[in-house]
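As structure tokens, the structure follows; a few thoughts come after it.
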Amino acid sequence: MRPPLLNPLFALVTSLPGVGPKQDKLLQFLLSRDETPRLADLLLHLPASVIDRRARPKIRDAVPGSVVTLEVTVDRHRPTPPGRSRVPYLVYASDDTGDVVLTYFRAKADYVEKLLPVGEKRYVSGTAQMYDGTLQITHPDRVVTEADLAKLSLIEPVYPLTEGLALGSLRRAIAQALLKLPAMPEWISAGVLRRCKFPSWSEALHRVHEPRELTDILPQQPYWSRLAFDELLAGQLALALVRAQLRRPAGARHTGDGHLRRKVIDALPYALTKSQQEAAAAIADDLQKPLRMLRLLQGDVGSGKTVVALLAAAAVAEAGKQSAIMAPTEILARQHIKTIAPLAERAGLKVAILTGREKGKERREILTKLEAGELDLLVGTHALIQDDVIFKSLALAVVDEQHRFGVRERLALTQKGDAVDVLVLSATPIPRTLVLTYFGDMDISELREKPAGRQPIDTRAIPANRLAEVIEAVGRAIKAKRRVYWICPLVEESDKIDNATDAEQRFTSLQKRFGDKVGLVHGKLKGTEKDRVMAQFASGEISVLVATTVVEVGVDVPAASVMVIENAERFGLAQLHQLRGRIGRGSEASTCILLYREPLSETSKARLSVIRETTDGFRIAEEDLRLRGEGDVLGTRQSGMPGFRIARPEFHAQLIAQARDEALRIMKDNPKLTGKQGDALRALLYLFERDEAIPLLTAG
Ligand code: ADP
Ligand code: MG
């Protein structure tokens with residue numbers, strides 16, 4: 001049960017004055033929520049910059065281009081002439097050093113008259129400009145009387161926005177939410193508070209949303225850092241709770257004499273890479289040890305994780321026990337079984353697949369065999385964790401792409417056996433510093449080498465003014481029966497809206513040239529329509545697929561061997577790597593063309609050259625982390641630390657380890673989270689939605 005203390009923070013944003021259904025939709029989008037956001041979500045949306053209104057020059061000294069707050073006397077009005085609505089409404093004002101013109105386009109006359117009465121003194125804040133030799137402020141942000149001057153916030157936070165949401169209305173909503181902030185117990189221990197010089201939770205929130213200094217909103221400052229630590233601690237604590245559950249000593253160990261593994265290896269049409277061998281050996285070692293295995297196997301798509309997982313399952317089968325591989329989607333589950341089935345057959349391993357698609361008699365048969373121990377390995381989706389799926393002796397749970405699964409699902413699978421060993425597969429290479437954030441303390445194996453025989457990808461960066469040449473090249477590719485992805489980017493960082501329009505335009509222009517060889521998928525299409533186009537692309541009915549990035553082009557089309565990425569300079573490295581991973585899967589040499597718009601920033605240049613030089617996902621992830629922070633990375637949030645809103649790897653890497661240590665200390669001193677400190681920590685888990693782990697505190 002959620003501590004009642006948190007209720008005000010869990011109130012919906014629509015309970016705030018001025019936040020209606022339209023704002024609700026926009027805020028859901030902005031804050032990446034599937035439902036009406038809570039006040040806590042709003043409060044954890046932190047400023048990207050500030051407007052500094054502290055400069056209070058005389059008119060003569062105002063610097064054009066800067067934000068100033070002027071003390072002026074209103075001299076006269078020149079309203080928009082009737083019938084000429086494009087001519088602005090001008091207000092002339094002055095101080096003892098000169099004149100300033102305040103310009104209003106399409107203004108209501110009575111509004112301006114009331115705001116700036118002739119003969120009176122007003123404080124006017126906005127961006128100064130020079131126009132025809134006169135200082136001018138167009139649509140001043142603020143106009144206040146002397147009496148209200150004290151209430152004018154001279155340093156104003158600026159938030160990431162989304163189209164249709166005004167800064168002012170977001171700011172007002174956040175200010176309202178701050179008023180509802182309840183007093184919270186401190187969940188961070190005194191030692192950490194002292195060492196990191198952290199303010200309280202409430203002070204931290206107040207200072208980032210109501211900055212008193214320009215630096216108050218910077219991620220590296222104590223206010224933001226404190227909130228990042230809270231988020232990281234919640235994550236680490238949840239992982240530690242799960243881990244404590246998983247790490248209970250195992251009974252009988254499970255690994256056999258190697259005969260099945262040898263058969264699998266003999267059945268392989270290729271030799272294992274060195275890193276596959278090492279990973280398989282490390283896993284076999286874990287399976288023998290009395291502690292339960294908790295190992296992460298990382299490697300790019302296509303690096304050969306499946307066969308390593310199969311070898312683990314074979315080791316377990318040698319000891320007469322069963323294994324399960326759980327994938328997040330039906331497609332991925334079927335990809336696994338496609339790789340596994342022929343090898344398993346030759347090794348005499350009995351395998352089956354169970355997803356939502358296996359129904360009725362077929363499903364019953366699988367379940368019967370599973371319970372009788374007639375299956376060695378069951379591959380599937382979360383259909384595996386349904387209650388009636390009963391293993392005779394589950395000993396190994398392999399979880400693919402784990403961070404898409406919640407704690408609950410992971411546990412549900414491991415609870416279908418006794419002291420089940422856990423192997424996690426991840427196709428998103430992340431630097432070791434970040435592994436902790438997502439997976440907590442785990443042993444790690446990495447598949448860094450590409451299997452032999454992979455065709456290289458030739459990656460080239462080409463300026464956008466040579467678009468015509470690229471289109472010619474696409475034409476040649478079509479003639480050669482090659483399959484081409486054409487990727488259009490998102491419009492702005494703050495705007496994750498699928499840019500259907502750009503993609504549609506590109507689609508239209510390519511279609512003019514290549515006719516019905518071109519298809520289009522974007523996020524606004526219906527699922528069935530998307531599937532239809534993807535199937536056409538997979539079958540070769542169409543040769544060019546224009547797509548936006550948000551669209552899941554996850555379907556494996558090994559025949560695709562060309563990718564064009566428009567505005568490549570605006571993508572993050574991780575994203576470019578993920579996109580490019582969709583080609584180079586087949587037997588053909590592949591080409592990736594990065595179209596960029598000039599001029600390139602230094603970071604963009606560095607990024608494009610990294611992506612050209614290497615296809616090693618680990619190196620790319622490390623470079624990505626290093627190059628972060630210039631702020632021109634598109635989709636930083638998605639590619640950076642998915643699932644984290646506040647913590648940023650480039651600023652808070654140090655805090656990750658500290659949060660881990662703190663979580664471990666808590667697990668040692670107060671593993672059941674009791675007493676005052678325990679209550680505070682439970683509140684923290686709820687606040688950051690890591691409360692899935694809380695039921696574990698009562699479970700045995
Ligand atoms: P991952 O799961 O890491 O994305 P897979 O295990 O699906 O990758 O492997 C991708 C493809 O590479 C499969 O067709 C597999 O048979 C093949 N493969 C795996 N290991 C090797 C190897 N050592 N040499 C050649 N091909 C390999
Ligand atoms: Mg795979």
Side-chain angles (χ1 to χ4, degrees), residues 261-283 295-314 323-347 349 351 353 377 379-381 396-405 423-430 444-457 538 552-561 574 577-590 615-621:
R261 276 169 282 175
R262 264 192 305 278
K263 280 192 192 164
V264 171
I265 291 172
D266 287 343
L268 289 175
Y270 48 77
L272 291 178
T273 63
K274 190 156 155 282
S275 46
Q276 281 173 319
Q277 288 171 16
E278 284 167 1
I283 291 166
R295 180 172 289 273
L296 173 66
L297 177 62
Q298 287 202 92
D300 274 323
V301 170
S303 61
K305 294 182 291 295
T306 308
V307 69
V308 176
L310 175 61
L311 286 170
S323 304
I325 300 183
M326 180 164 73
T329 63
E330 163 118 29
I331 292 172
L332 287 170
R334 298 214 177 268
Q335 267 169 23
H336 280 304
I337 200 80
K338 213 169 112 193
T339 309
I340 286 172
L343 298 169
E345 191 179 338
R346 306 226 346 235
L349 275 168
V351 301
I353 183 163
L377 169 61
V379 177
T381 54
L396 170 68
V398 181
V399 185
D400 194 5
E401 286 288 355
Q402 154 173 301
H403 51 269
R404 293 215 222 162
F405 289 112
L423 177 66
V424 172
L425 310 182
S426 168
T428 319
I430 42 182
I444 303 174
S445 295
E446 291 176 348
L447 299 184
R448 281 191 170 238
E449 305 153 78
K450 296 264 178 298
R454 273 300 132 75
Q455 295 293 330
I457 301 177
E552 174 127 16
V553 202
V555 182
D556 204 8
V557 183
S561 63
H577 178 64
Q578 289 288 338
L579 284 170
R580 183 175 57 178
R582 288 168 189 156
I583 57 171
R585 295 184 180 187
S587 52
E588 241 179 309
S590 295
T615 51
D616 176 351
F618 291 96
R619 222 199 108 198
I620 289 171

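Along the sequence shown, the residues carry numbers beginning at 1. As the structure lists them, so they are numbered: ligands from 1, and atoms in each ligand from 1. Only a predicted model underlies this, so the values are computations on that prediction, with no experimental measurement involved. Computed over heavy atoms, backbone and side chain alike; hydrogens, waters and symmetry mates excluded.
Close contacts between ligand 1 and T273 involve ligand atoms 23 (N) [criterion: under 4.0 Å to a heavy atom]. Less than 4.0 angstrom separates some heavy atom of A271 from each of these atoms of ligand 1: 22 (C), 23 (N), 24 (N). When each atom of ligand 1 is checked for a heavy atom of G304 under 4.0 Å away, the hits are 1 (P), 3 (O), 5 (P), 6 (O), 8 (O), 9 (O), 19 (C). Close approach to D300 involves these atoms of ligand 1, each under 4.0 Å from a residue heavy atom: 3 (O). Interface of T306 with ligand 1, defined as ligand atoms under 4.0 Å from a residue heavy atom, comprises 2 (O), 5 (P), 6 (O), 7 (O).
Considering backbone and side-chain N/O of K305, one or more are found under 3.5 Å from N/O of ligand 1. Taking only nitrogen or oxygen atoms, main chain and side chain alike, L272 does not reach within less than 3.5 Å of ligand 1.
Looking at Q335 against ligand 1, nothing comes within 4.0 Å, counting heavy atoms.
Between L447 and S303, the shortest heavy-atom contact is CD1-O, 3.7 Å. Nearest heavy-atom pair, A333 versus V379, reported as atom, atom and distance to 0.1 Å: O-CG1, 3.7 Å. Nearest heavy-atom pair across S590 and A560 is OG-O, 4.4 Å.
Ligand 1 is never approached by G299 to a heavy-atom distance shorter than 4.0 Å. Using 4.0 Å as the threshold, A309 has no heavy atom nearer than that to any atom of ligand 1.
Using a cut-off of 4.0 Å between Lys/Arg side-chain N and Asp/Glu carboxylate O, D300 and K450 are scored as salt-bridged.
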Verdict with reasoning, E449 to S275, per side chain to side chain donor-acceptor pair (under 3.5 Å) | CA-CA 7 Å; E449 305 153 78; S275 46; 2.8 Å; yes
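Within the 4.5 Å cutoff, no side-chain heavy atoms of T615 are placed close to those of I620.
Judged purely by distance below 3.5 Å, without hydrogens or angles, the side chains of R295 and S445 pair a donor atom with an acceptor atom.
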